[in-house]
Amino acid sequence: MNSLIGRRGALALGAAALASPALAQAGFPNRPIRMIVPWLPGGSSDTQLRMLSDLATKTLGQPVLVENKAGATGTLGALAMSQERSGDGYLIGQMPISVFRLPAMSRRPTFDPIADFSYILHLTGYTFGVVVRADQPWQTWQEFVAYAKANPGKVTYGTPGVGSTLHITMERIGTQLGIDWLHVPFRGGADNIQAVLSGATVANTDSTGWAPLVQDGKLRLLVVWTAERTKRFPEVPTLREMGIDIVADSPYGLAGPKGMDPGVVRVLHDAFKAALFEPQHVSTLERYDMPVRYMGTEEYAAFARKVYAEESAVIRKLGLKMD
């Protein structure tokens with residue numbers, strides 16, 4: 001009888017351990033966690049993810065150390081994670097939307113956006129817009145578009161890279177309006193801004209790193225790609241208001257290599273979810289006009305599958321290739 005109770009008790013404790021990530025992963029984390037940010041230091045993503053990491057550190061009891069791996073349109077972090085044989089929770093990173101596009105643009109993809117990753121949680125998205133130097137003659141988006149149509153191949157626009165939301169959306173706009181403009185990819189936001197200020201490019205398409213320069217009168221914001229006008233620039237119209245039915249905000253979250261223990265994923269999820277809603281972090285998001293767009297682990301994984309299918313279809317329709 002005692003033996004039966006003992007066995008039942010052991011089974012109950014085992015089930016409780018499986019149900020509770022805190023019990024199942026009592027030793028995690030016991031060393032620093034690496035957070036890959038696939039952009040140059042100083043931009044909106046880097047600033048936001050550093051704040052998020054600092055706040056999550058308090059919950060996890062171990063430092064979350066940011067590593068910048070810029071290049072390849074924000075996919076070098078995903079590439080590094082995909083090369084891990086199995087995730088242990090000590091390597092995680094941002095999953096920009098370009099991760100779901102570049103495999104569709106390559107004949108020999110270096111990773112599978114669904115099979116090679118363990119999705120943790122979704123975080124936020126960007127406010128994008130098109131800016132030109134303030135001394136350019138175009139006062140409105142309509143005037144800019146009219147010039148681009150009348151001067152095929154002369155309007156250059158900068159983005160953070162090939163296959164980025166900025167690149168894809170500008171090509172969609174060009175196709176819809178019959179505009180032939182020239183894409184100029186950069187490694188990061190700072191180079192993109194400098195190019196439009198110096199006259200090396202005609203337009204800058206990027207997230208709101210340009211906002212202070214717009215407020216200072218050095219750049220002019222012509223249009224935003226949000227569903228509604230932004231709080232900071234309420235006078236600037238959306239693409240939809242201009243007759244272009246596109247909303248683009250490049251949503252992103254955090255993931256790790258494939259095969260991560262569900263208990264480890266839960267510990268990371270809980271820590272970063274708490275950090276996501278911390279007032280300091282929300283303030284950082286607001287600084288860049290970025291909304292909180294939380295999704296839990298299962299919802300985010302389903303969202304990733306949906307985005308991969310949709311973005312692959314767009315790439316095929318536009319005929320974009322990298323090799």
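Counting only distance, with no hydrogens or angles, the side chain of H269 and the backbone of L121 share no donor-acceptor pair below 3.5 Å. With T140 contributing its side chain and E143 its backbone, the two residues share a donor-acceptor pair below 3.5 Å. Remark: the backbone N or O of P279 is not paired with any side-chain donor or acceptor of S283 at under 3.5 angstrom. Formation of a donor-acceptor pair under 3.5 Å by the S106 side chain with backbone atoms of P103 is not found in this model. Put simply, the side chain of S164 never gets that close to the backbone of S98: no donor and acceptor are under 3.5 Å apart. Looking only at distances, no side-chain donor or acceptor of R293 sits under 3.5 Å from a matching main-chain atom of G125. The backbone N or O of P291 lies less than 3.5 Å from a partner atom in the side chain of T124, making a donor-acceptor pair. A donor-acceptor pair is defined here as one N or O able to donate and one able to accept, closer than 3.5 Å; no such pair exists between the side chain of T201 and the backbone of G158. Within the 3.5 Å criterion, the main-chain N or O of L40 finds no donor-acceptor partner in the side chain of D46. Looking only at distances, no side-chain donor or acceptor of T75 sits under 3.5 Å from a matching main-chain atom of V99.
With respect to the salt-bridge test (charged N to carboxylate O, under 4.0 angstrom), the residues R229 and E241 qualify. Salt bridge absent: D261 and R266 never bring a charged side-chain N and a carboxylate O closer than 4.0 Å. A salt bridge links R31 with D88: the closest approach of a Lys/Arg side-chain nitrogen to an acidic carboxylate oxygen falls below 4.0 angstrom. Salt-bridge formation is not detected for the pair K218/D216: no Lys NZ or Arg NE/NH1/NH2 atom is positioned less than 4.0 Å from an Asp or Glu carboxylate oxygen.
Between S86 and G259, the shortest heavy-atom contact is OG-O, 3.5 Å. Of all the heavy atoms in A80 and I36, the pair that sits closest is CB-CD1, 3.9 Å. Taking both residues in full, the closest heavy atoms of A134 and G217 are given as CB-O, 3.1 Å, listed atom of the first, atom of the second, then distance. L221 and V130 make their closest contact through CD1-O, 3.6 Å (heavy atoms, listed as atom of the first residue, atom of the second, distance).
Connectivity analysis of hydrophobic side chains (ILVMFWY, heavy atoms under 4.5 Å, direct or indirect) links L55 to M51. In the hydrophobic clustering (ILVMFWY side chains linked at under 4.5 Å, chained through shared members), F186 is joined by V184.
Between Y119 and F100, the angle of the ring planes stays under 30°, which puts this pair in the parallel group of the 30/60° scheme. Using the six-membered ring where Trp is involved, F117 and F111 have ring planes that are perpendicular, over 60° apart on the 30 and 60° scheme. Ring-plane geometry between W138 and Y147 is classed as tilted, the angle between the planes lying from 30 to 60 degrees on a 0 to 90 degree scale.
Going from atom CE of M95 over to atom CD1 of I120 covers 10.0 Å, rounded to the nearest 0.5 Å. With rounding to the nearest 0.5 Å, the separation of CG in L166 from CG in N204 is 8.0 Å. The structure places CE of M35 at 5.5 Å from CG of L49, a figure rounded to the nearest 0.5 Å. Note that the CG atom of D206 and the OG1 atom of T127 stand 12.0 Å from one another [nearest 0.5 Å]. Note: H167 NE2 to H183 NE2 = 4.5 Å, rounded to the nearest 0.5 Å. To the nearest 0.5 Å, atoms CH2 (W225) and OG1 (T230) are separated by 14.5 Å.
L213 is connected to V131 through a chain of hydrophobic side-chain contacts under 4.5 Å among Ile, Leu, Val, Met, Phe, Trp and Tyr, so both are in one cluster. V202 and I173 fall within the same hydrophobic cluster, where Ile, Leu, Val, Met, Phe, Trp and Tyr residues are linked whenever their side-chain heavy atoms come under 4.5 Å apart, directly or through other members.
Remark: E228 CD is loosely packed, at most 12 non-hydrogen atoms of other residues, nucleotides or ligands lying under 6.0 Å away. At most 12 non-hydrogen atoms from other residues, nucleotides or ligands lie less than 6.0 angstrom from CZ of R172. The 12-atom threshold is not exceeded at CD of Q280, counting heavy atoms of other residues, nucleotides or ligands nearer than 6.0 Å. Within 6.0 Å of atom CD in E235, more than 12 heavy atoms from other residues, nucleotides or ligands are found, so the atom counts as buried in its surroundings.
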Practice task
Using the side chain to side chain donor-acceptor pair (under 3.5 Å) rule, take R101 and S312 through it: C-alpha gap first, then chi angles, then the decisive distance, then the call.
Solution key: CA-CA 6 Å; R101 292 183 181 135; S312 296; over 6 Å; no
Problem - From CA spacing to verdict: side-chain contact (heavy atoms from CB on, under 4.5 Å), L268, F272 - result: CA-CA 6 Å; L268 291 168; F272 282 100; 4.1 Å; yes
Exercise for the section: Would you sort out whether H122 and Y294 count as a ring-ring contact (aromatic ring centres under 6.0 Å, His included), showing the intermediate values? Expected result: CA-CA 5 Å; H122 191 273; Y294 165 75; 9.0 Å; no
Practice task
Could you go through the side-chain contact (heavy atoms from CB on, under 4.5 Å) check for V236 and L222 one step at a time?
Solution key: CA-CA 7 Å; V236 178; L222 300 178; over 6 Å; no
Practice task
Given side-chain contact (heavy atoms from CB on, under 4.5 Å), test F128 with L239 step by step and report yes or no.
Solution key: CA-CA 11 Å; F128 292 131; L239 282 175; over 6 Å; no
Handout entry: Derivation and outcome, side-chain contact (heavy atoms from CB on, under 4.5 Å), residues S45 and Y252
Key = CA-CA 10 Å; S45 295; Y252 68 84; 4.2 Å; yes
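Looking at Y126 and Q48, their side chains never bring a donor and an acceptor atom within 3.5 Å of each other. Counting only N and O atoms by type, the side chains of Y90 and N30 include a donor and acceptor under 3.5 Å apart.
Applying the salt bridge (charged side-chain N to carboxylate O under 4.0 Å, His left out) rule to R220 yields no partners; only residues at least two apart in sequence or on another chain are considered.
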